[in-house]
Trainee: 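I am attaching a structure below and will ask some questions about it afterwards.
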Amino acid sequence: MTAVSLLAQSVSDGNVNVAQNIGFGINAALMIFGALCVVSTSNVVHAALWLVIVLAGVAAQYVLAAAEFVAVSQEHPVDAFLVDVGAVQ
């Protein structure tokens with residue numbers, strides 16, 4: 001099944017959750033803005049803070065997809081964040 005056929009099937013079944021779609025759009029826009037700020041800022045500390053916003057957005061996307069365990073494991077390890085901050089430097 002293609003994504004278009006799955007979307008068409010969910011629309012015809014009446015399973016469209018408008019609030020979830022709006023939340024996805026807002027979250028995606030914030031993630032894109034944060035990612036652009038990560039690569040465009042010249043201050044490493046500011047880049048790390050923007051990266052926190054992007055990673056929190058990834059966790060929120062997992063929550064919207066009903067994958068709470070993956071969302072918690074995405075945000076919880078401090079080591080993964082430190083590795084990401086080290087890569088920015």
Trainee: Rounded to the nearest 0.5 Å, what separation is found between the SG atom of Cys37 and the CG atom of Leu49?
Mentor: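 Those atoms lie 11.5 Å apart.
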Trainee: What are the two closest heavy atoms between Leu51 and Val38, and how far apart are they?
Mentor: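 Scanning both residues completely, I find the closest heavy atoms to be N-CG2, 3.5 Å.
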Trainee: Verify the cluster assignment for Leu36 and Val52: are they in a single hydrophobic cluster under the rule of side-chain heavy atoms below 4.5 Å apart?
Mentor: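 Different clusters: Leu36 never reaches Val52 through Ile, Leu, Val, Met, Phe, Trp or Tyr contacts under 4.5 Å.
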Trainee: Quick one: CG on Asn27 to CD1 on Ile32, what's the gap to the nearest 0.5 Å?
Mentor: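 Spacing of CG (Asn27) from CD1 (Ile32) equals 10.0 Å.
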Trainee: For Met31 and Val58, which heavy atoms make the closest approach, and how far apart are they?
Mentor: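 In this case the closest contact between Met31 and Val58 is CE-CG2, 3.5 Å.
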Trainee: For Thr41 and His46, work out which heavy atoms get closest and say how close.
Mentor: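 Distance-wise, the nearest heavy atoms are OG1-CB, 3.8 Å.
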